[in-house]
*Asks:* 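A single structure is presented below for examination.
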Amino acid sequence: MKKEVRTRFAPSPTGYMHIGNLRSAIFEYLVAKINNGKFILRIEDTDQSRKVEGAVDVIYSTLAKIGLSHDEGPDVGGAFGPYVQSERKDIYLPYAQQLVESGDAYYCFCSKRRLDSLRDKADKENVQYKYDRYCFHLSQAEIQDKLDSGSNYVIRQKVPDRGTTTYNDEVYGNITFNNQTLEDQILIKSDGFPTYNFANVIDDHTMEISHVVRGSEYLSSTPKFIQLYKAFGWKVPIFVHLPLVVKNDGSKISKRNGDAMFDDMINEGYLPEAILNYTVMLGWSPGNEREFFTLKELEKDFTIKGISKSPSTLDYDKLKWVNGEYIRKMSSENFATVAEKWIKKGLNGKNLNIDKIAGMLQKRTDTLGDIPDAIDFLSDVSEINPDLYFHKKMKSDKESAKILFPLIHNVLSSLDSWNHDAIYNSLVEIAAANEMKNGKVMWPLRVALTGKPITPGGAIDVADILGQAESLKRIKSAINQLEGNNG
Ligand code: GLU
């Protein structure tokens, strides 16, 4: 029987998820789903000094917003728990001791001072630092003595001195490292916690993970992991390393710089579905021109084969475009619901019809975060720059506006019912009666109502939203301003 595919997302709880972390989660999830397998969440918190309060909640909420539900994990349980490494602390030491027994690991009692001086020496000689195996050569009696006297120790992996380590990566192909370049890395730290390098191997094995999907920054540590699997006599999982995500200038996105954080994207008004779609395309291609995928579709159509080796560049313009396309595809009700919070922010306490505003915005909005500034004129219109009345194509200028405003005010004030069609028809009548293009009438009205050269809707939309009284008030005020400004 074919073994079940089991993948894991194994974030360290640092309080943030950038788009690279998110991509690992999505690809892990999809590799499980395309194989009808299980997706597991494991929290890698062995570095206690980097612990951040509330960080695990950020992970849960991000996965939930994107729609990646895990089959096993700290909050949902499962047969391979606990799923938090700090709760598994006691599992690791016996495994490390097993390796000490078999000669694949050893106790190291070296002080920080000694290690620092080795590092300094390597720096001075301009060579790559490598632990010098001093403690590997201690006698059994010396080791026992130190352990009995309670000396601080770490357990180090003993990597082979000679030969090479080769492994196959589903994306990068066969990778070979010279064993001499590998370091006797620490497996168990002096605080008794395992290092990530040890814990990930023990956990991936004991949790029966079949595919390890993670960033390519782990490609070079993987030979040491392979040596651990070998030492235990365990089957090596399938490795799927993902290409780097870089910024426009070619530099890596980093947590430290706060680059491309998922929460920031949500706060700037990107939709989770659009972020998901965009993120999947960072380093994956379906092999054709198709650009839009829902999570459900990806659960069938995703392929490991489509993952690329070369770094993918984070392109906010593209993300914005994808987001705009998602906004356009939403039902108007749905858009009004997600946009409401942003519209209210732009309205600044003014009470206007949210659905109508959403209707005006949906066609012209790329990110929800653009909404407040785009509609700020609805709450208040500032002093109008008379130059705005000039529009070559509409054949509009200050003089034509001055002539048309009284007519516009007149027809609009006589309307009994205030709605889009009624407003439109009355303005078109003015244009027809004066043998001019509609735009010549619409343009100055739009300027009077908004005070802006660019608005997310035309004069009719805005008048309809503002209501009759406010629209007439703004036209009056525009007339007064023009009269006071004869220059
Ligand atoms: N805890 C590691 C990280 O957050 C996980 C690496 C892996 O998937 O093995 O980068």
Side-chain angles (χ1 to χ4, degrees), residues 5-32 37-52 55-60 62-63 68 70 72-74 80 82-89 92 157 167 169-172 175 185-187 189 193-229 234 236-245 252-257 259-262 279 283 304 307:
V5 167
R6 291 171 57 81
T7 65
R8 86 300 191 273
F9 176 47
S12 304
T14 55
Y16 307 98
M17 287 263 269
H18 64 45
I19 207 158
N21 309 126
L22 184 62
R23 188 189 56 178
S24 296
I26 297 170
F27 284 26
E28 300 259 8
Y29 172 88
L30 293 175
V31 170
K38 295 260 160 43
F39 171 60
I40 290 121
L41 174 64
R42 178 171 82 221
I43 303 297
E44 301 209 322
D45 60 348
T46 56
D47 190 348
Q48 294 288 301
S49 64
R50 281 172 61 203
K51 246 186 148 156
V52 180
V56 179
D57 295 330
V58 173
I59 296 165
Y60 290 144
T62 307
L63 295 182
L68 308 181
H70 42 286
E72 296 169 27
F80 297 83
Y83 292 91
V84 179
Q85 283 182 335
S86 58
E87 292 168 24
R88 299 170 67 77
K89 191 180 169 204
Y92 307 106
Q157 180 180 2
Y167 68 97
D169 183 89
E170 291 295 303
V171 177
Y172 291 85
I175 299 191
Q185 64 178 347
I186 295 175
L187 305 179
K189 296 181 279 188
F193 275 93
T195 53
Y196 156 75
N197 291 328
F198 191 49
N200 92 89
V201 169
I202 304 300
D203 289 346
D204 287 342
H205 174 74
T206 54
M207 293 182 175
E208 296 182 12
I209 299 303
S210 63
H211 292 62
V212 168
V213 184
R214 64 179 163 217
S216 56
E217 63 270 31
Y218 292 99
L219 273 174
S220 61
S221 321
T222 303
K224 290 183 279 194
F225 306 153
I226 303 281
Q227 288 298 339
L228 288 172
Y229 282 99
W234 292 341
V236 172
I238 294 170
F239 291 107
V240 183
H241 285 98
L242 309 177
L244 284 181
V245 181
K252 252 180 82 175
I253 57 164
S254 86
K255 258 181 213 171
R256 200 162 319 138
N257 295 338
D259 294 329
M261 293 298 174
F262 175 76
T279 307
I304 293 181
I307 302 174

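Counting convention: from 1, in listed order, for ligands and their atoms alike.
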*Asks:* Answer side chain, backbone, both or neither: which part of Phe9 comes under 4.0 Å from ligand 1, heavy atoms only.
*Replies:*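 None of Phe9 does.
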*Asks:* Taking the ring centre of each residue, are Tyr229 and Tyr167 less than 6.0 Å apart?
*Replies:*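 No: the rings miss the under 6.0 Å criterion.
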*Asks:* Please report whether ligand 1 has a polar contact with Tyr218, defined as an N or O pair separated by less than 3.5 Å (distance criterion only).
*Replies:*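 Min N/O separation from ligand 1 is below 3.5 Å for Tyr218.
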*Asks:* Is it the case that the side chain of Arg88 and the backbone of Pro82 share a donor-acceptor pair, with hydrogens and angles ignored and the cut-off at 3.5 Å?
*Replies:*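 Side chain of Arg88 to backbone of Pro82, a donor-acceptor pair under 3.5 Å: yes, one is there.
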*Asks:* Quick one: look up the protein heavy atom nearest atom 6 (C) of ligand 1 and list residue, atom name and how far away it is.
*Replies:*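 Going atom by atom, the protein heavy atom closest to atom 6 (C) of ligand 1 ends up being Tyr196 OH, 3.3 Å.
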*Asks:* Give the numbers and elements of all ligand 1 atoms closer than 4.0 Å to a heavy atom of Glu44.
*Replies:*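 In order of numbering, the contacting atoms are 1 (N), 2 (C), 5 (C).
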*Asks:* So is there a nitrogen or oxygen of Ala10 less than 3.5 Å from a nitrogen or oxygen in ligand 1?
*Replies:*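 N/O-N/O distance under 3.5 Å: yes.
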*Asks:* Can you give me the closest heavy-atom contact between Thr7 and Ala32, atom names plus distance?
*Replies:*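 Taking every non-hydrogen atom into account, OG1-CB, 3.4 Å.
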*Asks:* Can you tell if the side chain of Met17 reaches within under 4.5 Å of the side chain of Met261, non-hydrogen atoms only?
*Replies:*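 SC-SC contact between Met17 and Met261 ruled out.
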*Asks:* Heavy-atom contact check, 4.0 Å cutoff: does Arg8 meet ligand 1?
*Replies:*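 Checking ligand 1 against Arg8, which is what was asked, there is a heavy-atom contact under 4.0 Å.
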*Asks:* Does any non-hydrogen side-chain atom of Pro237 lie less than 4.5 Å from one of Phe239?
*Replies:*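 Phe239 vs Pro237: side chains touch.
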